[in-house]
Every structure is written in C-alpha cells, then in structure tokens.
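Heads up: the structure comes next, in structure tokens.
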Protein chains: 2
Amino acid sequence: MSTGPAFKRLPRAVRQQQMLDSAVRIFSRRGYHGASMDEIAEVAGISKPMVYAYLGSKEELFVACLHREGTRMVEAIAGAAAPDLPADERLWRGLRAFLGFVGAHRDGWAVLYRQARAEQPFARELTVMRARLVEVVAGMLDHALRAEGREVADTELEVVAYALVGASESLADWLADHPEADPEKTATQMMNVAWLGAGQLLHGLTWHPPVA
Amino acid sequence: MSTGPAFKRLPRAVRQQQMLDSAVRIFSRRGYHGASMDEIAEVAGISKPMVYAYLGSKEELFVACLHREGTRMVEAIAGAAAPDLPADERLWRGLRAFLGFVGAHRDGWAVLYRQARAEQPFARELTVMRARLVEVVAGMLDHALRAEGREVADTELEVVAYALVGASESLADWLADHPEADPEKTATQMMNVAWLGAGQLLHGLTWHPPVA
DNA sequence: GAGCATACCTACTCGTGCGTAAGGTTACGC
DNA sequence: GCGTAACCTTACGCACGAGTAGGTATGCTC
C-alpha cells in the first residue's frame, strides 16, 4: 500500500508561479550566475526538466522573473498616481507606492535592480524600464514648469529627473537593508529633499558655482 | 638567429599594474562571472599562471581591482574637499571631483558599482565604502545644521545623505552612458537639486504629507 | 476501461573555465 | 662562466552546472 504520491500533480499555471517564486528568491540571494537551475528546481519542490519544459532556458527564466516583478512594480506605482492631482501630490503618491512596494517585495527589488544592472544581456531591459520612470518624472516637472509660465531645455529636465529617480532607488536599497525602517517615513524624508529642491528650481531659483 | 624574445621580461610591480589594468577593463565589460581569467591574461599580454602567481585567485583579483579603483576614487574626492570651506562649497567640490573621476575612469566606475553590487562576496566591501561616503555627507549636513543652531536626529540625516549620494551615483551612471556629456555641467545641475533642497531643510523648512 | 495528453522523474552528456604541475629561459651575483 | 632566483610558458586535471534523452505515472474523455 502506497502512502500516495509524494508530489501532488498540479496544473501548469500553478506550478509555473511556484517556479517563478522560487527563481526570484534564489536569483535575489545568489545573483544570476550564482544561482543554479538545480537549486531553483529544488526550492520549487520540482525536478529540473520541469523548469525547462515550462520556462525554457535559464536566461528566459530570468527574463520572466524580471518581467513579472517589473510589471507588479509599475502597476503598483501607476495605480497610485492619479493623473489630475497637483505635481507634489503626484510625486508623493508615486514615491510612497514605490517605496511601499520595495518594502513588501525585497526579493523582487533585488532581482530587478541589483542583479540585472550588472549583467550585459539584461541591462538593456532594465534601462528601458528606468528610462520610462525618468520620463514620467521629467514630464511631471515639465508640466509644473509650464504652469509657472517657465520653460527649460529637455536635457536639463532629464538630468534632474535622473537625480530624483536615483535618490529614490538609493533609499529603496537602504530600505531593503533596514527591515525595521518604515517605508512611509522614508518616503516623507525623500519628499523633503526632492520637493523642496525641485520646488525651488520650479520657481526659478538656481545655484551657481563660486567664481574661482 | 632568433628575433629576440617575443615578450619582454618586466619587474613584478609593473606587470602587476598591467594585469590590474587589463582586469578592470575585462570585468567592466563582461561582468565578474562573464570575465575569464584566460582573456584577462591575454589582454595583459601574459599567460594565465602569471596572474595566479601574482594576484592569487579570481576573487582576490577582483577585490584587488575594487581596492585600487576605490582608493583612487576616494583620494580624488578627499583631495578636492578642503575641510574648512562653507558647506555648499565643500559639497560642490566633492561632487565635481566625484563626477569628474567617473567621467575619466568609466571602467573603474563600472567595476566598482555596477558589478560589485550584484555579487554576494563583494557587496560587503562596497557597502563599507558607500557608508563612508554617506557618513561624510551626513557629517557635513550636521555641521551646517549646528551652525544654524538647529539639530536633527542622526537617522534623519543619514536618510537625507543617502538620498544625495544615490542621486549622485545615478548621475554618474548617466554620465557613463553619455560620453558627450560634460561632468562639470552635470555636477552643477546636481548641486541645484541637492543644495536648494538640502538648503531649505537646513533653514527649518519641511514638507508634510497632505492630510488624507 | 482504452487511449491520450499532461505532469513528472532519474540519469545522463558535454562545454566551459578555474586553478596547477612541470618545465624552459633570461638576468644577475660572485 | 656558472649557479640560482625570478620570470614565463604549454598543457593538463577537475568540478560544476546548463541542458536533454528517454521513461513512468496520473487524470480526463468518450
């Protein structure tokens, strides 16, 4: 008499998600190259050929992780920032959603940003996502500027947007390494730097290097 | 009659630097795992066992690269920021030195930040360097605050410093990907966000979330 | 309850790349 | 000139991990 099968047979859709969950965890801990397909399969409670059957190659598996986590993140942010609010409130909501997401999905964040940036094949994918974020922020600044009746070259806006996105990412990393920290509070502090600084710029105030 | 040895015999110190030069280039292009010791040896114009004889293992070689480039960078920044200047000028000089360094040593930057962050064994090394930078910035803010007769919790300062460092790093990446861009100008733009934002904070102005 | 698709496994092949053993060649001290 | 130490090479062992071949069990349909 058997005790029944040790492994339940599950429909494809379910197993696939389990595999992705496992892969995100392993990739985030070991890095792309450090992760082995054997370990991913083991953690998913399944054998290796199943992973290949469902997800293709290791590279495709990683891209699938990137895609799922990236989509979740973008949706979390997009869902929070209603289009017709004043600029600072949009920035605030987007920021809060972003840091909140990172706080709740640290593995996803690690895969998305820490791993993917280093690897040639995936850098492009990542750069595109990031560029979209920068564009959104730059668009917001531009909108606010026009409302003030002022105008600034696109490159300048892009650089400022880059700085803001970079600062947010940096705080996201800080958050990922400090589990006790409160995402909400961190977002407020980020707003302090971002909005006061950007706000000054919006009102035409600029800083100039000291004359040597 | 031989045409003489194809490879010159060189003293250890010289060869070691050549190897590190080669290693930094290859690591920055291929990533830590993507780089092969064979290729590094080939580019250095030397055979593989020499690399092992002088630098030990692949991991040690990478750490040596990290260490050399990191030291160069820290020295470049520290050498620029004289201790007794006003806060905004210190920030400005440090920033300019930092972005100038990245503009001139793109390979070094790539090794230091893009590669090392993803790999477990080196993350710690990197975190320490970064923490030192954050500490310097936080110290500067603290100093300026006390001069204003105000005081703020250490954690708050750290978060703001983190944001500033992150924004700078982000612009460094932008710079590395835009060879035509001018580091000097980029530094000025960064100062605009950083100093106006931080400056407002220093004067006691804060941003508060809207009451839902 | 036969047939078929789908879920799932064990056990391999094979390339790649780290690290090394063993030996050759040039410079330099005496 | 001759030993010796430092420089440098070719050619290999070996482990690890991506990907696969081929086979088994389970449920679903008619």
Side-chain angles (χ1 to χ4, degrees), chain A residues 1-23 25-27 29-66 115 118-122, chain B residues 1-23 25-27 29-66 115 118-122:
Chain A
M1 51 174 245
S2 83
T3 60
F7 305 96
K8 289 181 205 159
R9 289 167 74 88
L10 292 174
R12 176 171 183 146
V14 175
R15 268 283 136 81
Q16 213 158 338
Q17 289 307 311
Q18 289 180 354
M19 290 177 190
L20 286 176
D21 290 342
S22 162
R25 250 177 69 183
I26 302 300
F27 279 135
R29 274 162 184 60
R30 309 239 188 280
Y32 176 71
H33 273 99
S36 81
M37 294 297 270
D38 290 270
E39 190 179 4
I40 290 171
E42 192 190 322
V43 169
I46 215 73
S47 74
K48 196 166 47 153
M50 288 308 298
V51 182
Y52 281 90
Y54 285 175
L55 276 317
S57 65
K58 185 181 186 181
E59 211 170 293
E60 288 176 88
L61 173 60
F62 189 74
V63 170
C65 292
L66 230 56
Q115 303 306 329
E119 309 289 337
Q120 292 287 340
F122 315 115
Chain B
M1 52 172 243
S2 81
T3 59
F7 304 98
K8 288 183 206 159
R9 290 165 77 85
L10 292 175
R12 177 171 183 146
V14 175
R15 268 282 136 81
Q16 213 158 338
Q17 289 307 311
Q18 288 179 356
M19 290 177 190
L20 286 175
D21 290 341
S22 162
R25 251 177 68 185
I26 302 300
F27 279 135
R29 273 160 185 64
R30 310 236 188 283
Y32 176 71
H33 273 98
S36 81
M37 295 297 270
D38 291 87
E39 189 179 4
I40 290 172
E42 191 191 322
V43 168
I46 217 69
S47 72
K48 197 168 45 154
M50 288 308 299
V51 182
Y52 281 90
Y54 285 176
L55 275 318
S57 66
K58 185 182 186 181
E59 212 167 287
E60 288 176 88
L61 173 61
F62 189 75
V63 169
C65 291
L66 229 58
Q115 303 305 331
E119 309 288 338
Q120 290 287 341
F122 315 116

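Within every chain, numbering begins at 1; the chains are lettered A, B, ... in the order of the sequence lines, protein sequences first and strands thereafter.
Nucleic acid contact for Met37(B): sugar-phosphate only, since backbone atoms but no base atoms lie under 4.0 Å from a heavy atom of the residue. The residue Ala35(A) sits close only to the backbone: its heavy atoms come under 4.0 Å of sugar-phosphate atoms, none of a base. Backbone-only engagement by Ser36(A) is indicated by non-hydrogen atom pairs under 4.0 Å involving sugar-phosphate atoms exclusively.
Rounded to a whole Å, the CG atom of Leu55(B) is 14 Å from the P atom of dC8(D). Atom CD of Glu60(B) and atom P of dC18(C) are 14 Å apart (whole Å). What separates CD of Glu39(B) from P of dC18(C) is a distance of 10 Å, to the nearest Å. Straight-line distance from the CD1 atom of Ile26(B) to the P atom of dC18(C): 12 Å, rounded to whole Å. Rounded to an integer number of Å, the gap from Arg30(B) CZ to dC18(C) C1' is 17 Å. Distance, Leu61(A) CG to dG17(D) C1': 15 Å, rounded to whole Å. If you take CE of Met50(B) and P of dC18(C), they are 18 Å apart, rounded to a whole angstrom. Computed from coordinates, the Glu59(B) CD to dG17(C) C1' distance equals 15 Å when rounded to whole Å.
Between dG19(C), dG17(D), dA11(C), one nucleotide has an atom nearer to the side chain of Pro49(A) than all others, and that is dA11(C). When distances run from any side-chain atom of Ile46(B) to the nucleotides dA11(C), dA7(C), dC8(D), the shortest one goes to dC8(D). The side chain of Lys48(B) approaches dC18(C) more closely than any other nucleotide in the set dC18(C), dC9(C), dC7(D). Of the candidate nucleotides dC9(C), dA18(D), dC7(D), dC7(D) has the atom nearest to the side chain of Arg12(B). Closest approach to the Asp38(A) side chain among dC8(D), dA18(D), dC8(C) is made by dA18(D) (side chain taken as heavy atoms from C-beta onward).
With a 4.5 Å cut-off on side-chain heavy atoms, Gln16(B) and Leu55(B) count as touching. At a threshold of 4.5 Å between non-hydrogen side-chain atoms, the residues Phe27(B) and Lys58(B) count as touching. Annotation: side chain of Met37(B) is in contact with side chain of Tyr52(B) (closest heavy-atom distance under 4.5 Å). A heavy-atom distance below 4.5 Å is not found between the side chains of Ile46(A) and Gln18(A). Looking at heavy atoms from C-beta onward, Lys48(A) lies in side-chain contact with Asp38(A) at the 4.5 angstrom threshold.
Between Arg15(A) and dT6(C) there is no side-chain polar atom (N or O) within less than 4.0 angstrom of OP1 or OP2.
A donor and an acceptor atom never sit less than 3.5 Å apart when one is taken from the side chain of Lys58(B) and the other from the base of dG17(C).
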